[in-house]
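Shown next, in structure tokens, is the structure this report addresses.
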Amino acid sequence: MTVLDGARERWVRTGGVELCVAELGDERQPTIVLVHGYPDSKEVWSEVAGRLADRFHVVLYDVRGHGRSTAPSPLRGGFTLEKLTDDFLAVADAVSPDRPVHLVGHDWGSVQSWEFVTVDRTEGRIASFTSMSGPSLDHFGHWINKRLRRPTPRRVGQLLGQGAKSWYVYLLHTPVLPELAWRGPLGKRWPRILERVEQVPGGDYPTPSLPSDAAHGAWLYRDNVRPRLRRPREDAYAHAPVQLVTPLGDAFLSERLYDGLEQWAPRLTRRTLPAKHWVPRTRPDRLADWITEFVISTEDGRPGTAPGGRHADRFGGQLVLVTGAGNGIGRATAFAFAEAGARVVAVDRDAEAAARTAELSRLIGAPDAWAETVDVSHEQAMEKLAAKVAAEYGVVDVLVNNAGIGLSGSFLDTTAEDWRKVLDVNLWGVIHGCRLFGRQMAERGQGGHIVNTASAAAFQPSRVLPAYSTSKAAVLMLSECLRAELAGQGIGVTAICPGIVNTGITSTARFAGVDAEEEERRQRRSARLYGMRNYPPEKVADAVLEAVVHNRAVVPVTPEARGVHLMSRYTPGVLRRLARVKPPL
């Protein structure tokens with residue numbers, strides 16, 4: 001049984017065709033119309049529709065010539081944007097005659113929806129538009145013309161890059177060949193191609209009508225692409241709020257294609273998603289959340305309420321888990337992601353501190369935040385946490401393994417138990433996080449990012465930090481190894497290496513080989529020195545977000561960390577000699 005099996009079905013006659021329309025949810029609620037792309041049918045939306053139906057009246061229809069809708073005769077000239085607009089208006093009038101609808105389009109569903117939201121005859125019928133993986137052909141035409149009229153090396157590169165991504169468009173303009181391919185070997189292999197290349201799970205999609213859908217849909221390109229790109233409309237302005245969702249791993253569309261879109265859609269909200277092209281199938285949870293937020297904000301008269309913090313377009317709505325989030329760098333990192341609109345899971349062994357971080361994250365801007373209490377060194381506890389997070393919150397998009405403890409003292413004064421404690425938290429805690437949450441990211445198949453907090457001590461030998469430095473050097477190497485292994489799955493891995501940062505780790509650090517009174521004295525002295533340095537953890541948090549955005553491998557933070565990192569590469573002998581100097585106690 002599919003999600004659409006329980007849908008109410010009706011037929012809408014328009015322009016010589018009959019459109020198959022499915023409805024879910026309460027008709028008294030705001031109506032959301034989902035428009036599918038190529039070579040899809042309405043079932044591509046089944047997972048998204050099911051999530052939206054609890055709160056909205058959800059409408060899906062098979063575009064003419066697709067699914068159970070009939071095809072125009074003749075095919076040539078039967079798929080123009082003008083006729084597709086007629087179809088949309090017929091559906092909207094049938095399902096929501098007295099109230100504007102919220103429009104959502106993917107791929108060619110988005111391409112035609114841009115037409116709907118920019119022509120005069122639909123004004124007042126569309127309350128909002130969410131676009132994904134499909135540009136306006138008019139905007140695309142102006143984008144091309146601008147780069148041809150005023151070429152620069154950068155613009156020419158963008159033009160050539162998008163031209164390479166659009167290879168399939170040229171093939172679809174060839175006569176007969178696309179139809180033969182789709183009705184033959186390509187149609188049979190397409191589900192497997194989607195599964196392997198796009199990580200699209202199986203289920204009720206694609207439907208058995210795929211070969212004829214794809215053959216008919218070739219006329220979407222033939223009837224529209226060249227005429228519009230040659231003579232794009234000058235008045236293609238959106239008359240409703242627009243939410244743009246850009247999959248960062250889209251193999252067919254460049255991010256740069258949407259540069260300057262604010263000119264055409266003044267009420268624009270941007271979102272980005274670390275995913276590939278077929279997001280309605282691979283990330284229905286995220287899309288449903290964003291669509292829900294956008295529709296509700298529009299209904300309340302406040303469209304465009306996406307988070308306004310730095311990198312909000314990149315992290316808005318993503319799920320971020322931070323260990324050691326009760327204070328210091330961990331708490332600052334949780335807050336930075338919260339300001340960017342991410343959903344935050346604050347993990348700490350101190351339940352009260354974790355709860356406080358989650359509470360403040362919600363106040364700062366996180367759509368939601370949760371507190372979890374766990375000792376990261378405990379394997380079974382971490383396994384339970386990973387299972388709970390996946391079941392209740394979803395697969396983590398960004399993991400920040402930040403929990404750590406400090407230990408100072410000579411090697412000969414450091415006991416085996418001291419070593420176990422440091423390695424259990426600083427190294428094994430990171431291993432557990434990477435193994436459990438990294439596996440979930442890999443199995444989802446839509447990428448992600450892992451950030452491991454190492455230290456400048458990872459590449460700076462020290463006679464008084466043998467255990468701590470060793471644990472952090474291991475984290476650095478682990479991160480490098482994971483980065484190599486997971487790169488092919490779109491999962492980035494970063495080692496953040498802070499220097500002297502004003503956090504609470506100094507007041508709780510252990511000092512091997514001294515009594516309790518002396519240890520307390522050294523803790524106070526270390527805390528005072530770090531306080532005098534006063535490098536704020538918020539700067540480390542900013543570096544974490546930048547590292548994820550730019551997929552950086554190793555990021556030294558603080559001037560001394562950057563200096564030591566350079567010395568480790570170019571003058572390692574100097575560092576070794578400096579390591580012999582005994583610091584004042």
Side-chain angles (χ1 to χ4, degrees), residues 33-38 40 63 79-89 92 101-123 125-149 155 158-159 161-163 165-166 168-169 172-173 217 219-247 250 252-272 277 279-280 291 294 303-304 313:
V33 177
L34 305 172
V35 189
H36 68 79
Y38 177 86
D40 299 322
V63 172
F79 291 85
T80 63
L81 288 171
E82 291 78 10
K83 292 180 178 179
L84 295 172
T85 305
D86 293 339
D87 294 351
F88 161 72
L89 284 172
V101 302
H102 297 271
L103 183 62
V104 179
H106 171 255
D107 189 82
W108 252 94
S110 177
V111 173
Q112 59 183 291
S113 293
W114 273 110
E115 179 80 1
F116 307 160
V117 81
T118 57
V119 294
D120 292 340
R121 61 191 176 118
T122 62
E123 193 162 359
R125 297 298 289 122
I126 300 172
S128 74
F129 170 41
T130 295
S131 164
M132 59 197 79
S133 300
S136 160
L137 291 181
D138 297 301
H139 302 165
F140 192 7
H142 288 296
W143 185 88
I144 292 172
N145 291 339
K146 181 178 181 180
R147 281 149 183 78
L148 291 176
R149 288 194 299 265
R155 288 177 174 175
Q158 293 173 357
L159 199 59
Q162 181 55 53
K165 286 177 176 285
S166 298
Y168 64 97
V169 177
L172 286 168
H173 277 82
W219 288 99
L220 290 167
Y221 294 86
R222 295 166 181 167
D223 280 351
N224 297 293
V225 173
R226 282 187 291 188
R228 280 301 176 91
L229 294 187
R230 287 173 178 170
R231 290 180 296 276
R233 293 162 48 217
E234 298 291 341
D235 60 346
Y237 298 99
H239 48 66
V242 176
Q243 175 176 226
L244 176 70
V245 178
T246 306
D250 198 320
F252 309 108
L253 296 167
S254 167
E255 292 177 66
R256 302 277 69 81
L257 192 58
Y258 303 105
D259 287 353
L261 186 59
E262 287 81 0
Q263 171 191 351
W264 303 103
R267 291 175 287 174
L268 179 66
T269 298
R270 290 180 179 265
R271 307 277 199 179
T272 59
H277 184 78
V279 286
I291 293 167
F294 196 61
D313 62 331

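Keep in mind that this is a model prediction, so the values were computed, not measured.
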Any residue meeting side chain to side chain contact (heavy atoms under 4.5 Å, CB included) with [X], in chain and number order, not counting sequence neighbours:
{"X": "R226", "value": "H173, R230"}
{"X": "Y168", "value": "L172, Y221, F252"}
{"X": "S110", "value": "W114, F129, S131"}
{"X": "K146", "value": "R155"}

Smallest separation among heavy atoms of [X] and [Y], with atom names:
{"X": "W143", "Y": "L159", "answer": "CZ3-CD1, 3.8 Å"}
{"X": "K165", "Y": "S254", "answer": "CD-N, 3.7 Å"}
{"X": "P247", "Y": "V279", "answer": "CG-CG1, 3.9 Å"}

Separation of [Y] [atom2] from [X] [atom1] (nearest 0.5 Å):
{"X": "F116", "Y": "T122", "atom1": "CZ", "atom2": "OG1", "answer": "8.5 Å"}
{"X": "I291", "Y": "L34", "atom1": "CD1", "atom2": "CG", "answer": "6.5 Å"}
{"X": "R121", "Y": "T85", "atom1": "CZ", "atom2": "OG1", "answer": "5.0 Å"}
{"X": "L244", "Y": "L261", "atom1": "CG", "atom2": "CG", "answer": "6.0 Å"}
{"X": "T80", "Y": "Q112", "atom1": "OG1", "atom2": "CD", "answer": "10.5 Å"}
{"X": "Y38", "Y": "D107", "atom1": "OH", "atom2": "CG", "answer": "10.0 Å"}

Taking only residues two or more places apart in sequence, or in another chain, which ones meet [X] in a side chain to side chain donor-acceptor pair (under 3.5 Å)?
{"X": "N145", "value": "none"}
{"X": "Y258", "value": "none"}
{"X": "D250", "value": "S133, H277"}
{"X": "Q243", "value": "T130, R271"}

Q | Option among V104, V111, V63 that satisfies the side chain to side chain contact (heavy atoms under 4.5 Å, CB included) test with V35 | A |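 Exactly one candidate clears the test, V63.
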
**Q.** Result of checking L84, L81, N224 against E115 for side chain to side chain contact (heavy atoms under 4.5 Å, CB included)
**A.**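 One option only clears the test, and that one is L81.
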
Report the residues that fulfil salt bridge (Lys or Arg N to Asp or Glu O under 4.0 Å) with [X], sequence neighbours left out, ordered by chain and then residue number.
{"X": "E82", "result": "R228"}
{"X": "E123", "result": "none"}
{"X": "D235", "result": "R233"}
{"X": "R222", "result": "E179"}

Q: Inspect the contact between R256 and D259 and indicate whether a charged nitrogen and a carboxylate oxygen are less than 4.0 angstrom apart.
A: yes

